[in-house]
Asker: 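This is the structure, below, for whatever I ask next.
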Amino acid sequence: MKNIIAPSILSADFGNLQRDIEMINQSEADWFHVDVMDGVFVPNISFGFPVMAAVKKHAFKPLDVHLMIVEPDKYIEDFAKAGASRITVHYEACTHLHRTIQLIKASGCKAGVALNPHTPVNLLQDVIEDLDLVLIMSVNPGFGGQAFIHNTYKKIRDLKALVQGVNENLIIEVDGGVGLQNITALVSAGANAFVAGNAIFATDNPTETIAKMKSLTASTISI
Ligand code: DX5
Ligand code: ZN
């Protein structure tokens, strides 16, 4: 399975959003990571449908939508219509997670579930076969630019063990504090999709940083 680089547009310059989207289009990145925050599930508000529509208009790569919102069921159809390819909801925000996963699939999108740093991966045991992606949060969600939480490596290994023989095509995505300094170790642990905001947009040459991340993931073998 090829490794995916998903720049988070949360760290883009919103005054020059089209420029930053074009940069991602031209780069070796695979997806656009779109962080939607409601100020309730997380202590921050990012953006909603008008911004997502603007991104969709210019983006040539799939939109990987990460919903950090309560009651996501209400909006899944709208996010699918707005151009999402993948929709990831938080385990901690879903009372009826099985139903939510089915709703995402019925909308025509790939289905993902995100886990906060305190949520163990084995809680997904009874839905793991239905999932296309699990997003392991390596920071507490809400803000870009936070420090990576080390326990993430253990969670990736636990998740690899959980999917063994059951859903080996599952994408294991890591989000928060990911960059050139830890991407190799994350691949080794078993992750294959990497969200990065600050590590890309705060560098002098984001295109080059994406290329470096991509080549590091390509030259590392998962164990
Ligand atoms: C955090 C978001 C992340 C964030 C990552 O709540 O889900 O996608 O943009 O940003 P960095 O890579 O700067 O930690
Ligand atoms: Zn995210």
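Below, each value reflects all heavy atoms present in this structure, side chains not excepted, and no hydrogens, waters or symmetry copies. Not measured: the values here are computed from a predicted model. Start at 1 with the first residue, then count along the sequence.
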Asker: Got I172 and V134 here, is their nearest side-chain heavy-atom distance under 4.5 Å?
Answerer: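 No - every pair of side-chain heavy atoms lies 4.5 Å or more apart.
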Asker: Mind listing the closest non-hydrogen atom pair of F148 and G176 along with its distance?
Answerer: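 Shortest heavy-atom separation between F148 and G176 comes out as CD1-O, 3.5 Å.
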Asker: Nearest 0.5 Å, please: how far is CG in L63 from CZ in F32?
Answerer: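 Reported value, rounded in 0.5 Å steps: 7.5 Å.
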Asker: Tell me, do D64 and L135 make a side-chain contact under 4.5 Å, heavy atoms counted?
Answerer: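 The answer is no; the side chains never approach within 4.5 Å.
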Asker: Are the side chain of N167 and the backbone N or O of L131 linked by a donor-acceptor pair below 3.5 Å?
Answerer: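 At least one qualifying donor-acceptor pair exists.
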Asker: Do P120 and D158 have side chains that get closer than 4.5 Å, going by heavy atoms?
Answerer: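 No, their side chains stay 4.5 Å or more apart.
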Asker: Using the rule that Ile, Leu, Val, Met, Phe, Trp and Tyr join whenever any side-chain heavy atoms are under 4.5 Å apart, tell me whether L180 and I200 fall into a single cluster.
Answerer: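 Hydrophobic grouping puts L180 with I200.
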Asker: I need the minimum non-hydrogen distance between I171 and A193, along with the two atoms involved.
Answerer: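 What the structure gives for the nearest pair is CG2-CB, 3.6 Å.
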Asker: Could you check whether any side-chain N or O of E168 sits under 3.5 Å from a backbone N or O of G165, counting only pairs where one atom can act as donor and the other as acceptor?
Answerer: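 Yes; judged by distance alone, with no hydrogens or angles, the pair exists.
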Asker: Has the side chain of N182 got a donor or acceptor atom that lies under 3.5 Å from a matching backbone atom of G177?
Answerer: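 Such a contact is found between N182 side chain and G177 backbone.
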Asker: Within the 4.5 Å heavy-atom criterion, are H66 and R86 side-chain neighbours or not?
Answerer: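 Side-chain contact under 4.5 Å: no.
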Asker: Check K74 against D78 and note the closest heavy-atom contact, atom names and distance.
Answerer: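 That closest heavy-atom pairing would be O-OD2, 4.1 Å.
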Asker: Counting only N and O atoms by type, is there a donor-acceptor contact under 3.5 Å from the side chain of N44 to the main-chain atoms of G142?
Answerer: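 Yes, because the side chain of N44 sits within donor-acceptor range (under 3.5 Å) of the backbone of G142.
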Asker: Tell me if a side-chain donor or acceptor on K155 pairs with a main-chain N or O of T119 at a distance below 3.5 Å.
Answerer: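 The answer is yes, because a donor-acceptor pair under 3.5 Å joins these two groups.
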Asker: Regarding N198 and S11, do their side chains bring together a donor and an acceptor under 3.5 Å, going by distance alone?
Answerer: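 Judged by distance alone, the side chains do not pair up.
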Asker: Would you please test L170 and L162 for side-chain contact (heavy atoms from CB on, under 4.5 Å) and show each step?
Answerer: CA-CA 11 Å; L170 182 91; L162 186 69; over 6 Å; no
Asker: Under the side-chain contact (heavy atoms from CB on, under 4.5 Å) rule, what do L159 and L115 come out as? Steps first, then yes or no, please.
Answerer: CA-CA 11 Å; L159 183 56; L115 301 175; over 6 Å; no
Asker: Nearest 0.5 Å please: distance from the CD1 atom of I101 over to the SG atom of C94.
Answerer: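 Between I101 CD1 and C94 SG, I get 8.0 Å after rounding to 0.5 Å.
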Asker: Within the 4.5 Å heavy-atom criterion, are L124 and L97 side-chain neighbours or not?
Answerer: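 Yes, side chains in contact.
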Asker: Would you call I4 and E173 a side-chain contact if the rule is heavy atoms closer than 4.5 Å?
Answerer: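 Of all side-chain heavy-atom pairs linking E173 with I4, none is under 4.5 Å.
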Asker: Please round to the nearest 0.5 Å and tell me the distance separating atom NZ of K56 and atom CE of M52.
Answerer: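 Separation between the atoms: 8.0 Å.
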Asker: If you apply the rule side-chain contact (heavy atoms from CB on, under 4.5 Å), what do you find for I104 with V89, and how did you get there?
Answerer: CA-CA 9 Å; I104 296 173; V89 293; 4.0 Å; yes
Asker: For P72 and A93, work out which heavy atoms get closest and say how close.
Answerer: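 Of all heavy-atom pairs spanning P72 and A93, the closest is CD-O, 3.9 Å.
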Asker: Do I76 and V51 share a hydrophobic cluster, counting only Ile, Leu, Val, Met, Phe, Trp and Tyr and linking them when any side-chain heavy atoms are less than 4.5 Å apart?
Answerer: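 Yes, because I76 and V51 connect within a single hydrophobic cluster, where side-chain heavy atoms sit under 4.5 Å apart.
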Asker: Same cluster for F14 and I21 if Ile/Leu/Val/Met/Phe/Trp/Tyr side chains link at under 4.5 Å?
Answerer: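 Linked, F14 and I21 end up in one cluster.
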Asker: Nearest 0.5 Å please: distance from the CD1 atom of I210 over to the CD atom of E28.
Answerer: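 Atom-to-atom, I210:CD1 and E28:CD are 9.0 Å apart.
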Asker: Please name the residue in the list D30, T217, N192 that meets the side chain to side chain donor-acceptor pair (under 3.5 Å) test with K2.
Answerer: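 Of all the options given, the one that passes is D30.
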Asker: Is the backbone of F60 close enough, under 3.5 Å, to the side chain of N25 for a donor and an acceptor to pair up by distance?
Answerer: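 Yes, because the side chain of N25 sits within donor-acceptor range (under 3.5 Å) of the backbone of F60.
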Asker: Are the side chain of Q146 and the backbone of N140 linked by a donor-acceptor contact shorter than 3.5 Å?
Answerer: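 Yes; judged by distance alone, with no hydrogens or angles, the pair exists.
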Asker: Within a strict 4.5 Å, meaning less than it, do heavy atoms of the V34 and F47 side chains meet?
Answerer: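 In short, these two side chains touch, coming nearer than 4.5 Å.
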Asker: Should we say atom NZ of K61 is surrounded by more than 12 heavy atoms from elsewhere, each under 6.0 Å from it?
Answerer: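 It does: K61 NZ has more than 12 such atoms within range.
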Asker: Is there a path from I136 to F143 through hydrophobic residues (I, L, V, M, F, W, Y) whose side chains come within less than 4.5 Å of each other?
Answerer: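 Different clusters.
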Asker: Please lay out, stage by stage, how H118 and E92 fare under the test side-chain contact (heavy atoms from CB on, under 4.5 Å).
Answerer: CA-CA 10 Å; H118 72 277; E92 304 83 7; 4.2 Å; yes
Asker: Is the count of non-hydrogen atoms from other residues, nucleotides or ligands lying under 6.0 Å from Y91 atom OH greater than 12?
Answerer: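 It does not: Y91 OH has 12 such atoms or fewer within range.
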Asker: Can you check whether V40's main-chain N or O pairs, donor with acceptor, with D38's side chain at less than 3.5 Å?
Answerer: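 Yes.
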Asker: Under a 3.5 Å distance rule, please check whether S46 uses its side chain to pair with a backbone N or O of M37 as donor and acceptor.
Answerer: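 Yes, S46 side chain to M37 backbone: donor-acceptor pair under 3.5 Å.
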Asker: If you look at every heavy atom in H33 and A6, which pair is closest and at what distance?
Answerer: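 In this case the closest contact between H33 and A6 is CB-O, 3.7 Å.
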Asker: Check whether any side-chain N or O of K160 sits under 3.5 Å from a backbone N or O of A189 as a donor-acceptor pair, and report yes or no.
Answerer: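 Here the side-chain-to-backbone pair does not exist.
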Asker: Could you pull out the closest heavy-atom pair between T152 and S138, with the gap in Å?
Answerer: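 That would be OG1-CB, 3.3 Å.
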Asker: Look at the aromatic rings of F49 and Y75 and report parallel, tilted or perpendicular, splitting at 30° and 60°.
Answerer: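 F49 and Y75: tilted rings.
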Asker: Rounded at 0.5 Å granularity, tell me how far NE2 in H98 sits from CG in L103.
Answerer: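 CG of L103 is found 11.0 Å from NE2 of H98.
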Asker: Grouping I, L, V, M, F, W and Y whenever their side-chain heavy atoms are under 4.5 Å apart, do L186 and V195 come out in a common cluster?
Answerer: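 Different hydrophobic clusters.
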Asker: Could you measure the distance from the CD1 atom of I69 to the CZ atom of F79? Nearest 0.5 Å is fine.
Answerer: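 With rounding to 0.5 Å, CD1 (I69) is 5.0 Å from CZ (F79).
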Asker: For residues F194 and V187, determine if any side-chain heavy atom of one lies less than 4.5 Å from a side-chain heavy atom of the other.
Answerer: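 Side-chain contact under 4.5 Å: yes.
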